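Worksheet: one structure, shown below.
Counting starts at 1 for both ligands and their atoms, following the listed order. Model, not experiment: these values are computed from the prediction.
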Amino acid sequence: MEVFSQAGGEMLSRWGHYMAGVTWIGLLYYFNFVQAPSFAEFEAAARTEALTKLVPRALWWFKFAAMLTLATGIMILGFQENLSGGEYFKTAPGISISTGILLALVMFGNVFRVILPNQKKVIASAQAVAAGGPADPAAPEASRRALLASRTNAFFSIPMLWFMGVTSHLAPAYAIHPEGARRGIYWLITLALIVVLELNGTGRLGGTAPGGTRAYLDDHVKSIVAGFVLWAVFLVMWEVLF
Ligand code: HEM
């Protein structure tokens, strides 16, 4: 049976990968585009109830979907024949998937290092309030940090999904082995962009206040627009360099 072959293993991993990925990113979009703006309009009691009953369930699926997306992504790589010798990563598809994975790993880090720990504080505070106790004074700042990281992930997801899909379906049309110097320039700009945007987006560069260098994270519509701008920057780099 074909499914019990290397190609079958790769296909099963891909299937699991985009199912898990859709669940992760679908929930990310729900948090950003639906939940956060709705919570801003909720009465305090309704928000407390949602934080204690709805959000923990959504975060459970979010967390395990992110873990499964990473695991199945690594499985696809494991099943691929074309990785042998590392030459693959010098080709356009190899550069494409490396960029997509880099963005996805930064997003994964934001989930586990920023969003989940801060949401835990916010939920614990809501639970204390629901039980008749005082709110945690640190909860608003925790909520702000989680929101910024979440909008940063929504922003990164736009080029990330481009590279996931493009790897097998368009990247092979670009120069197969872009010359070393061009790859060097590409990685230099890409790494600098991702590091600066991540530090800025998570408040490690200049705090968490709205506006200024974080204006594109002030609301979810701006984050979506900024995501397409970042995608366009990558597209220009690909057209010019490869
Ligand atoms: C967490 C780290 C991730 C890793 C290590 C990873 C890895 C991979 C790999 C190796 C491929 C195969 C590329 C190819 O050769 O065609 C791939 C494709 C893909 N990935 Fe990811 N990925 C990650 C995150 C995500 C996320 C968050 C999504 C969100 C939906 C996603 C969606 C996809 C899709 C739709 C494809 C294209 C499948 C196809 O064209 O057959 N990935 N990914």
For this session: Go around atom 21 (Fe) of ligand 1 and count every protein N, O or S atom nearer than 2.8 Å.
Result: 2
Exercise. Taking heavy atoms and a distance under 4.0 Å, where does Leu70 meet ligand 1: side chain, backbone, both or neither?
Worked result: both
Exercise. Can Glu87 and Asn82 be counted as having a side-chain donor-acceptor contact under 3.5 angstrom?
Worked result: no
Exercise. Charged N to carboxylate O below 4.0 Å: is that the case for Glu141 and Arg144?
Worked result: no
Problem set entry | Min side-chain heavy-atom separation Ser98-Trp187 under 4.5 Å | yes
Exercise. Where does Met107 meet ligand 1, judged by heavy-atom distances below 4.0 Å: at the side chain, the backbone, both, or neither?
Worked result: neither
For this session: With rounding to the nearest 0.5 Å, note down the distance linking CG in Leu103 to CH2 in Trp162.
Result: 14.0 Å
Problem set entry | Part of Trp24 within contact of ligand 1 (heavy atoms, under 4.0 Å) | side chain
For this session: Give the numbers and elements of all ligand 1 atoms closer than 4.0 Å to a heavy atom of Val22.
Result: 30 (C)
Exercise. Parallel under 30°, tilted from 30 to 60°, perpendicular over 60°: which one fits the rings of Trp231 and Phe228?
Worked result: perpendicular
For this session: Measure the acute angle between the ring planes of Tyr29 and Phe33, then classify it against the limits of 30° and 60° as parallel, tilted or perpendicular.
Result: parallel
For this session: Please answer: with hydrophobic residues joined when any side-chain heavy atoms are less than 4.5 Å apart, are Trp24 and Phe64 in the same cluster?
Result: yes
Exercise. Has Met160 got any heavy atom lying under 4.0 angstrom from an atom of ligand 1?
Worked result: yes
Seminar exercise, completed: Atoms of ligand 1 under 4.0 Å from any heavy atom of His169, numbered from 1 in the order shown, are 39 (C), 40 (O)
For this session: State, without any angle test, whether Thr99 and Tyr186 hold a side-chain donor-acceptor pair at a distance under 3.5 Å.
Result: yes
Exercise. Side chain, backbone, both or neither: which part of Leu161 comes within less than 4.0 Å of ligand 1 when only heavy atoms are counted?
Worked result: side chain
For this session: Fit a plane to each ring of Phe234 and Phe163, take the angle between them on a 0 to 90° scale, and name the class: parallel (under 30°), tilted (30 to 60°) or perpendicular (over 60°).
Result: perpendicular
For this session: Ignoring angles and geometry beyond distance, decide whether Ser168 reaches within less than 3.5 Å of ligand 1 through its nitrogen or oxygen atoms.
Result: yes
Exercise. Which ligand 1 atoms are under 4.0 Å away from a heavy-atom of Arg14?
Worked result: 12 (C), 14 (C), 15 (O), 16 (O), 38 (C), 39 (C), 40 (O), 41 (O)
